[in-house]
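In what follows, a structure is listed as structure tokens, so that the remarks can point back to it.
In each ligand, atom 1 is the first atom listed, and ligand 1 is the first ligand listed. Residue numbers count from 1 along this sequence. None of these values were measured; they are calculated from a predicted model.
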Amino acid sequence: MIRFHGVRVLGATGLSVPCSIEVPTEGADLERDGTGMILSPGWIDLHAHLRDPGYPASETLASGTASAAAGGFTQVVAMANTNPVADQPARVSSLLERAASMPVRVSAVGALTAGLEGRVLTDARGLQRAGAIALSDDGRHAMDGPTLTRGLALAASAGLPVLVHGQKESHGKDASAEAAGVEEALAALQDVPQGRLHLQHLSTRRAVDLVRAAKAAGLPVTAEVTPHHLALTADDVAGGDANVSPPLRTADDRDALVEALIDGVIDVVATDHAPHAAAAKAAGANGYHGFETATGVIFSLRLPWAVLHRAVVARGREILRLPESDDWILIDPAEDWVVDPAGFQSRGRNSPFAGRRLRGRVTMTVCKGRIVHQRAVAVG
Ligand code: DOR
């Protein structure tokens, strides 16, 4: 057990007054001064690419979960676009078996279509029995509307939600590709009353408006946004690393995303942690490292504390029906630091925040009763 003194605790209604609180851990009892610090339940990342199996130069289960721990994520959801693709039950169970000994909790997503190619639906029930908690072709959106509708129905019959990437490949990468993907997914949900639909990484005002209208009409849809789409616009990376899917958009889109997160149209923040080896990135691979910069980036938005709790702690667990866990992170909200990807635990050093100053950083992560990350400064 660790007893933190003078710490403020993040909960559903916001931050507590400074208090003493015990966090269960193995081993000898410890006392820590938490003055000025925030103790939060471990954060959940509904959207991560751990690249395992298949891309060890970009990430492995070990490096990805170490990176998650450093970023304060005690539960991460691994997407299926590995090599081979997680489109068969044995591939999902093998990942979960290997993940069991990792420092943070890993949940697995199974592919919705074989090879993510958008044509042949996978064995939803078999994937669910193997331990998949959702189905998704994330990284791609090659399927047509009827296939998505049948996939949503099959997933629902196996008790699983479908996570939709929503950038229709047939439409390219601009804002209309997202509008088309989101419209198609919402239409599918209307046809499958028992379906559970979660829209990934919304990036445009148009998509936000579609989700707002669907929620107002009572459709059971949920949505996420990434830290980079909340904090950056296309202009912020001009001349730099612009490759990410969906792309960074306009200031108006970014403002709409922040508003929608605060008013609840967007349920959660998920990083879309997308590590790439330097060579892959130089060749144009899409995506950004997400785990280790998330706290500082999200804190820079100055969200109401109750919104933060919903967005990174509570709502993701509800959406994916994950069991409760007693994992905790200690955050120093005042730590000023400059992002240096060379210091990442992740093998993916591709960060649009490299060289930027952030405020707020995780100093300790406790997961499964063990201290799995600890920075020397500011502890004790
Ligand atoms: O930027 C992205 N990278 N977006 C995705 O949806 C996939 C991801 C990846 O796998 O690299």
CA sep, side-chain torsions, deciding dist, call: Gln345, Ser63, side chain to side chain donor-acceptor pair (under 3.5 Å)
CA-CA 6 Å; Gln345 299 291 319; Ser63 66; over 6 Å; no
Output field: ring centroids Phe353/Trp337 closer than 6.0 Å:
no
Is any side-chain heavy atom of Pro352 closer than 4.5 Å to a side-chain heavy atom of Leu232?
yes
When you compare the side chain of Val237 with that of Tyr288, does any pair of heavy atoms fall below 4.5 Å?
yes
If the plane angle is over 60° it's perpendicular, under 30° parallel, otherwise tilted; pick one for His47 and His201.
tilted
How are the rings of His273 and Phe291 set relative to one another: parallel (under 30°), tilted (30 to 60°) or perpendicular (over 60°)?
parallel
Heavy-atom cut-off of under 4.0 Å around ligand 1: list whichever protein residues fall inside it, by chain and number.
His49, Arg51, Asn81, Asp138, Gly139, His165, His201, Val244, Ser245, Asp272, Ala274, His276, Asn286, Gly287
